[in-house]
Protein chains: 2
Amino acid sequence: MVLATNRRIGQENSTTRGLLMDGVERVMIDEGYASLTARRVAGSVGLRHQIVYYYFLTMEDLIVASFRRRAAQVIMRVEEAIAQPEPLKALWAVHAEPAHAALTVEYLALANHNEAIRRETVNFGERMRRVGLDCVAARLGVPVDGSGVISASALTLALSSLGAILGMEAAIGINGGHHELHALVVWCVDRLQGQSG
Amino acid sequence: MVLATNRRIGQENSTTRGLLMDGVERVMIDEGYASLTARRVAGSVGLRHQIVYYYFLTMEDLIVASFRRRAAQVIMRVEEAIAQPEPLKALWAVHAEPAHAALTVEYLALANHNEAIRRETVNFGERMRRVGLDCVAARLGVPVDGSGVISASALTLALSSLGAILGMEAAIGINGGHHELHALVVWCVDRLQGQSG
DNA sequence: GTCTATACACCGATAGAC
DNA sequence: GTCTATCGGTGTATAGAC
């Protein structure tokens, strides 16, 4: 894909540019990453496909920009969540939302085959883990360095992973065992820190 | 998509039919489900794209057939795994393989937008859980009906979910916290049933 | 800033030759 | 059983009008 680019490119703070990123998420949730075409994305916000190439060099650039915008939003939501009275449960809840989980699956699949998205995902994962880690360590009085068996990083990873899987399954209509697992996790979390988890 | 079908269809036990399903998995792992086209799949096993329409009515039929074949293989591998000395760890290990996890992510994303694959996935999930459940309940002496906090279904779901997430992350190169979480899970499993988990 | 027009490649699916 | 030939539709990307 060689680009012969002396094309004009629109402003970063443009409304339409943001609309196109909204379109990426809409299409991804409704139809999956395979349907992320300039025609579908632009069409979903009432525009023609050529507008994509006014704001972005390639479709991939639009997708990467959308991923970054969402990553920043998720980090913010997690930071808000863990500032609440029961941060561990909030950490779980953020990941467990089905619509959020469905998008996560799409980007995860994309990351397996697209180098740019893979790099962004690894980077995002590291930032997320750090945010969760500080919270868990501070609230639980558990070693951050992994010297004990119950480490902050193991707990953070376990909580967000289980939340995410339950969200992914719920999104496609699998519910078996979810209630029981949720009860078990709440039980563990409460046991680990009284009422503040 | 209206099919005007008085087409000939090849035998179910044909070698080529199996080759095409191998091609589906190859392409899915290497390029993702978005690249599951008749040309790419047939090409990956050295054939022309029209052969797909000799063995299957539509591309979707080929993908569903591939999913079913794999589902049956996975169920078999899980049954073998839980017959081993440490079934809980084996249950984890089956899900944690990165190549396996990558395919799982693809099919999961596909399930979000394709009704046939969604149905197959729900069905497969139920069968998997049942297989795991019997094993866990028998080995742990833990209630199957969810009457206790530590129920067999919660444990089964937790083990396979955590294994799967670690596999998915490993596939794209995220490893932070994996060692610690693995140690925590092994510790819990050992605690739950001495040396036989 | 958004459009029409256009290029060329690839898509699923069918018909029919061998 | 696998192929060549072909259909209409959609894909990315560019050029240039308004």
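This structure is a prediction, so every number in the text was calculated from the model and none was measured. So that the names make sense, note that chain A is the first sequence line, chain B the second, and so on, each numbered from 1.
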Give one of base, sugar-phosphate or nothing for B:L36, where a contact means two heavy atoms less than 4.0 Å apart. sugar-phosphate
If only side-chain N and O atoms of A:T16 are considered, is one of them under 4.0 Å from the OP1 or OP2 phosphate oxygen of C:dG1? no
Under 4.0 angstrom, heavy atoms only, what part of the nucleic acid is A:R17 near: base, sugar-phosphate, or nothing? nothing
Between C:dG12, C:dC10, D:dC3, spot the one nearest the side chain of B:R40, thanks. C:dC10
Mark yes or no for a side-chain to base donor-acceptor pair under 3.5 Å between A:R8 and C:dT2, with no hydrogen or angle criteria applied. yes
Atom pair distance, as rounded to whole Å: CD in A:Q11 and P in C:dG1: 6 Å
Which of D:dT10, D:dG1, D:dT6 is nearest the side chain of B:R39? It is D:dT6
Answer whether the closest heavy-atom distance between the side chains of A:L159 and A:L157 falls below 4.5 Å. no
Of the candidate nucleotides D:dT10, D:dT2, C:dT2, which contains the atom at the shortest distance from the side chain of A:Y54? C:dT2
Nucleotide nearest B:Y55 (side chain, heavy atoms from C-beta), chosen from C:dC11, D:dT12, D:dG1: D:dG1
To the nearest 0.5 Å, tell me how far A:R39 CZ sits from A:S44 OG. 14.5 Å
In whole angstrom, give the distance that lies between atom CZ of B:R48 and atom P of C:dG12. 15 Å
Between D:dG1 atom P and B:E12 atom CD, what is the distance in whole Å? 13 Å
Starting at atom OH of A:Y53, determine the distance to atom P of C:dG1, rounded to an integer number of angstrom. 20 Å
Of B:E120, B:R118, B:R119, which is the lone residue that meets side chain to side chain contact (heavy atoms under 4.5 Å, CB included) with B:V122? B:R118
Take the protein atom CG of A:L20 and the nucleotide atom C1' of C:dT2, then report the distance between them rounded to whole Å. 11 Å
Looking across every strand, which nucleic acid part, if any, lies under 4.0 Å from A:L62 by heavy atom: base, sugar-phosphate, or nothing? nothing
In whole Å, I'd like the distance from the NE2 atom of A:H49 to the P atom of C:dT4. 10 Å
Nearest whole angstrom, please: distance from the C1' of C:dT2 to the CD1 of A:I51. 5 Å
Counting only heavy atoms not in A:E12, do more than 12 fall under 6.0 Å of its CD? no
Heavy-atom nearest pair, B:L155 first then B:I150, reads CD1-CG2, 3.7 Å
Once you round it to whole Å, what is the distance between P of D:dG9 and CE of B:M59? 21 Å
Of the listed C:dA13, C:dC11, D:dA13, the closest approach to the A:Q50 side chain comes from D:dA13
